Structures are given as C-alpha cells and as structure tokens.
Amino acid sequence: MPEIASPRGTRDILPADQAAYRWVLDTHSRVAELHAYRPVETPIIEATELFARAVGSDTDIVEKQMFTFDDRGGRSLTLRPEGTAGVTRAALAARLDQELRPLRLHYAGPMFRAERPQAGRQHQFTQLGIECIGERSASVDAEVVEIAWRFFAALGLHGVQLQVNSLGSPEDRARYREALVAYYEPLRDRLCDDCQRRLDTNPLRLLDCKRDAQFAESAPKIAASLSRESTEFFGRVLEILDTAAIPVTLNPRLVRGLDYYTDTVFEIWHETLSGAQNALGGGGRYDGLAALLGFAATPGCGYALGVERTIMVAKELGVAPGAAAGVDVLVASVDPPQAAAAARQARTLRDAGIRTMLDAGERRLDRKLRSADKAGARLAVVVGEDEVRDGNVTVRDLSQHSQQRVPEAELAALTLRILGMQQ
RNA sequence: GUGGCCAUAGCUCAGCUGGUUAGAGUGCCAGGUUGUGGCCCUGGAGGUCGAGGGUUCGAAUCCCUCUGGCCACCCCA
C-alpha cells in the first residue's frame, strides 16, 4: 500500500521551519500593534457568496481558484482565498465600527487557492495583513503602506519595491472601463483569446496581459479618467509617503486582481523572487466592499502579504533565523536504577521554567550526550550511582567542556545562573 | 486550467545500449569506552527504484495511464 502523502499543493510546517514562521508572524504582530492595530481571527470557511460578491465573479480567483463544496444542508461553502472579505464581514457584522472609527485590525492565517502549484505558490499558503475600516483619508492609505514598509524593514529585508497606482472611484473605473473598451474594441481580432474574453468581462485586466503589451502602451491611461477628487486624494497619499521618505514607484498599469479595490492600490515586489511570482503582497483601498456585502457603505484600506514568499526572500538574503534549539538542559541517567532520580531532577528544572529533556533510557551515556549536543542543549545533568548515593547531581556545560558536582538542592539555581535566566 | 522537465535509502546522488541478491556519501541505531558529547574505527537497520498497467525469457532502465514536484503561461501570496 502506498504511503499517504500530504495533498497536492500543501506542505507540513515542520519543527525546523517554525522559527522562521514565528519570526515573520511575531514581527508583523509587533509592527501592526505598534500602530494600534488589534488582532482578529475569522473562519477558514465562509459562504461562497461572500467571495463571489467581494472579490468579483469575473476574477480568476472566483472563476477557477476556489475550493468550494456544499455542506450537508446544500449550502455552498468556500475555503477562504483571501482575508479582506472575511475580516470586513466579521467587523461590520459585529458592528465594531460603531465602537471605534476607524477600526484597525491585523490578522494572519492560511488561505487557499486552487492554482497549479509551484515554488512560492501553494494551494494552502499563509497570509498576514491589516485592515483599516471606517475612514476615507489619504492619511490612512499612507499609514497602511507605511506599516507594510516598516514590517519589511523590521525583518531586515532589503530590496523591497513599492508599486503604487490609483484606480479612482467606482464611477471613475466605469468611465475608464468604457474608454478602454472603446480603444480595444477595434483591435478585438488581434487580441489573444483571454483578452477577447476580458474585453467583455473585465477590461481593466487587458492592461497586464503580457502578450498584448504592445496595445497597452498606447491605451488610455487611468489617470485621465480619475475625478478631481480621486486625483487630489491620490496626490495627498503620495505626498505623505514622500514626507515619510518611503520610496514608491508609480505604475499606471498596476491593476489589482480583485474587484473591490478603489483609489489607491499597491503591490510589494522583490527582485529575488522569480519573475512569475515577484509579489510579496499587495493591497489598497476598498470603499465599495462593505456595500457589496450588504452592509452600510463603509470605506476601508488594507494589505495582505505572503508569509512563505517573505520567508523565501529572507532565506535568500540570509536574514531568516535558522532552526531554534528546543531544549536548554538534558538530564541523563547513567544506568537504569537512576531513572526515577533523573526524572525528579528534570521536574525540578521544569518547575524553574527551564526547557528540559529527560533521557532515562538504557542507552550508553556517551550516546545520550551526543543527542544532547544535536538537540542544542547547553547543559547536561548527569545522574549516576554516585550522585544518587550522595544526593548530588553533575552539571556539565557542553560548550565549556567543564562540569561540577553540586547538591541537588542547588540544581535549579545553578542552572538558571549558567543559562543567564532570572530566578 | 494549458504546455515542458523531473521522480532510486530520512537527505544528496551513482546505476553504461534492459541481464543474477540495487550502490555510495551523509544521517539513524549499536559495539569499540564497569559512567561523559562534537573526532575516529567496526557492524547493523533502512528501498515493492513515486503508484498502477503493458512489452520482454528478464524492467530502476522501454511504452501507457495516474499521482506528486519544478519551470513557463495565466494570475497572484
């Protein structure tokens, strides 16, 4: 019988990988909370309708990338492909925006998309992000971009590049859409199959088609379709970012894949990611989202970043932490009769808050010490016949090659002192 | 979803044009040391050669299907 493997496009996050994940997640929580964002968690499954309405039924995500199934009552559920729709639903359903406005939230967790997997693209991946809900202001947009920027700075990730654009209001987008259709319609026969379809379903996406890039060059620019309000709004966002010394690249062709975006949109790119998946994340303003979900119109702005891609880049740059030792002290018995005594010493150390591994098996002492090394323990406590007879323990410093025998009553205090921990 | 490359011990890989019981390094376990690690020596375990089917006297090797990984496209995290 063949062994059971993890499903296609999924990965186990094994102990050796945990340090890097925690580093990224903890750093993000810290940076977000430094900006007064509070943590929130939402279900991994949501009503399919949530994403159909929020993300847009003509988007790739909803068209072909969702894991959707019926529950026993025949209701259609979907494994969340992104976080903003769920967080917005949760916040507005709980009326949190009526307690505090704007509402600042951060989150992290697994997301699911059924694309063909490859490096940096999995069926299940981890995303973290923030949402600022309830205020339309340039200052909020700049804050959101700045938090992303500061997050990567906190990780020591150099070389991130901010791509920024404005899509304007829904009306602006509609106008721009018309302009694009008017421009592309005469060219229809010369467009690729995908683009011919996009022309009818989602003309904005024509812009980032690589095959038809030649036409995009002279296509109408979105800036020309922006209302005065949106133009000024975007101008203020850029101004604040400039004041904050956050370098941005204006990219008029940047069109985010999700329908709910309005006005400011941005992506974060890194050159070390292979060309196809060069985005660490992206975000923007979504003033129309709440209404799409059936709530009172409520503006919002946020971003989402890929944890696995961030770790890939961090490893590439050599700034990711390696596997962390999971133990401080190994307590080893010498012969079987000392097993109980060794267990007692281990309990003493654990009561003092020291990560302690007990090895009271029947292996030879030298093998036990070898394991202690491998596990990354800094100290070994040897419990043999003599120690038990005299009420002592031998405390060996594995890096100093030195050891001392002390009364067992002093074990915890001595260990804490050597480890540099507070009593 | 479309196209291409790939799949041999836990890991990194050998295995010539199909020919007996599939190898190495490393890791793991044990012995060398009546109780002291990172080195060394010796031995051992570990593979239905990704899975299933086919061709053949004979398949890790050739063919088909499936599964999975990688790459490109699409798009994004």
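Note on naming: letters A, B, ... go to the chains in the order of the sequence lines (proteins, then strands), and numbering restarts at 1 for each one. Worth saying up front: this structure is predicted, and the values here are computed from it rather than measured. These values consider heavy atoms only, across backbone and side chains, with no hydrogens, waters or symmetry-generated copies.
Contact annotation for A/E385: base contact, defined as any heavy-atom pair under 4.0 Å involving a base atom. Base contact: A/E387 has a heavy atom under 4.0 Å from a base atom. Among the atoms of the strands shown, base atoms are found under 4.0 Å from some heavy atom of A/D386.
For the C1' atom pair drawn from B/C66 and B/C6, the interatomic distance equals 16 Å after rounding to whole Å. Nucleotides B/C57 and B/G18 have their P atoms positioned 15 Å apart, rounded to a whole Å. Distance check on atom P: B/C73 versus B/U17 gives 34 Å, rounded to whole Å. The separation of B/G58 from B/U21, taken at their C1' atoms, amounts to 15 Å, rounded to a whole angstrom. Taking atom C1' on both B/A14 and B/A24, the two are 7 Å apart, rounded to the nearest angstrom. Annotation: B/C63 and B/A22 have their P atoms spaced 23 Å apart (nearest Å). Between B/U20 and B/A60, the two P atoms lie 10 Å apart (nearest whole Å). To the nearest whole angstrom, the two C1' atoms, one in B/U8 and one in B/C49, are 4 Å apart.
For the pair A/D359 CG and B/C29 P, the interatomic distance rounds to 10 Å; values are reported in whole Å. As a whole-Å value, the separation of A/H270 NE2 from B/C76 C1' is 18 Å. Between A/R367 atom CZ and B/U36 atom P there is a gap of 12 Å when expressed in whole angstrom units. Atom-to-atom, CD of A/Q338 to C1' of B/U36 comes out at 14 Å; the value is rounded to the nearest Å. One atom, CG of A/D366, and another, P of B/C29, lie 12 Å apart when rounded to the nearest Å. The NE2-P distance, from A/H123 to B/U67, rounds to 12 Å in whole Å. When rounded to the nearest whole Å, the span between CZ of A/R121 and C1' of B/U2 equals 13 Å. The distance from atom CE of A/M312 to atom P of B/C76 is 18 Å, rounded to the nearest whole Å.
Of the candidates B/C29, B/A77, B/U36, the closest approach to any side-chain atom of A/R363 belongs to B/C29. Here the nucleotide nearest the side chain of A/F125, chosen from B/C70, B/G37, B/A77, is B/A77. Of the candidate nucleotides B/G37, B/G35, B/A77, B/A77 has the atom lying nearest to any side-chain atom of A/R309. Of the candidates B/A77, B/C70, B/G37, B/C70 carries the atom nearest the A/Q118 side chain, counting heavy atoms from C-beta on.
Sorted by first and then second residue, the side chain to side chain donor-acceptor pair (under 3.5 Å) pairs with a member in residues 325-334 of chain A read A/D328-A/R355, A/S333-A/K368; sequence neighbours excluded. Note on residues 84-94 of chain A: pairs passing salt bridge (charged side-chain N to carboxylate O under 4.0 Å, His left out), not counting sequence neighbours, are A/E46-A/R89. Judged as a salt bridge (charged side-chain N to carboxylate O under 4.0 Å, His left out), not a single pair has a partner in residues 151-169 of chain A (not counting sequence neighbours). Screening residues 382-392 of chain A for salt bridge (charged side-chain N to carboxylate O under 4.0 Å, His left out) gives A/D386-A/R389, A/E387-A/R405 as the qualifying pairs, with residues at least two apart or on separate chains. Here ring pair (Phe, Tyr, Trp, His ring centres under 6.0 Å) pairs that include residues 9-31 of chain A, with residues two or more places apart or in two chains, are A/H28-A/F151, A/H28-A/Y303. Residue pairs satisfying the salt bridge (charged side-chain N to carboxylate O under 4.0 Å, His left out) criterion with at least one member in residues 161-172 of chain A, sequence neighbours excluded, are listed as follows: A/D172-A/R175.
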*Could you give me the CA-CA distance, side-chain angles and deciding distance for A/T84 and A/L289, then say whether side-chain contact (heavy atoms from CB on, under 4.5 Å) is met?*
CA-CA 9 Å; A/T84 300; A/L289 176 56; 3.8 Å; yes
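Residues from residues 7-23 of chain A placing a heavy atom under 4.0 Å of any atom in RNA chain B, listed by number, are A/R8, A/G9, A/R11. Listed by residue number, there are no residues of residues 142-152 of chain A with a heavy-atom contact under 4.0 Å to RNA chain B.
With a 3.5 Å ceiling on both atom-pair distances, the Watson-Crick or G-U wobble partner of B/C11 is B/G25. Base pairing of B/G18: no nucleotide in any strand meets the Watson-Crick or G-U wobble criterion (both distances under 3.5 Å). Pair check for B/G1 finds B/C73; Watson-Crick or G-U wobble, both atom distances under 3.5 Å. B/A60 is unpaired under the Watson-Crick or G-U wobble criterion, no partner having all donor-acceptor distances under 3.5 Å.
No side-chain N or O of A/T10 forms a donor-acceptor pair with one of A/Q122 less than 3.5 Å apart. Side-chain N/O atoms of A/E267 and A/Q163 include no donor and acceptor closer than 3.5 Å. For A/S402 and A/D397, the side-chain atoms include no donor-acceptor pair closer than 3.5 Å.
Along RNA chain B, the nucleotide nearest to A/D397 and the one nearest to A/S6 differ in position, and the one closer to the 5' end is contacted by A/D397. Residue order along RNA chain B, read from the 5' end via each residue's closest nucleotide, puts A/Q403 first among A/Q403 and A/P117.
Evaluation of the side chain to side chain contact (heavy atoms under 4.5 Å, CB included) rule for A/E316 yields A/T272 as partners, not counting sequence neighbours. A search for side chain to side chain donor-acceptor pair (under 3.5 Å) contacts involving A/H123 returns nothing, not counting sequence neighbours.
Contact between the side-chain N/O atoms of A/R364 and the OP1/OP2 oxygens of B/U34 is not found at any separation under 4.0 Å. In terms of phosphate contacts, A/Q122 brings no side-chain nitrogen or oxygen within less than 4.0 Å of OP1 or OP2 of B/A77.
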For residues 141-148 of chain A, which side-chain N or O atoms pair as donor and acceptor with protein atoms under 3.5 Å away, sequence neighbours left out?
unit_1	atom_1	unit_2	atom_2	d
A/D141	OD1	A/R285	NE	2.7
A/D141	OD1	A/R285	NH2	2.6
A/D141	OD2	A/T264	OG1	2.6
A/D141	OD2	A/R285	NE	3.2
A/E143	OE1	A/R104	NH2	3.3
A/E143	OE2	A/Y37	OH	2.6
A/E143	OE2	A/R104	NE	2.8
A/E143	OE2	A/R104	NH2	3.4

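Checking each of A/L155, A/V313, A/L280 against A/V160 for a side chain to side chain contact (heavy atoms under 4.5 Å, CB included) leaves exactly one that passes, namely A/L280.
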Give each protein N/O atom lying under 3.5 Å from an N/O atom of nucleotides 3-10 of chain B, with the pair distance.
unit_1	atom_1	unit_2	atom_2	d
B/G3	N7	A/R116	NH2	3.3

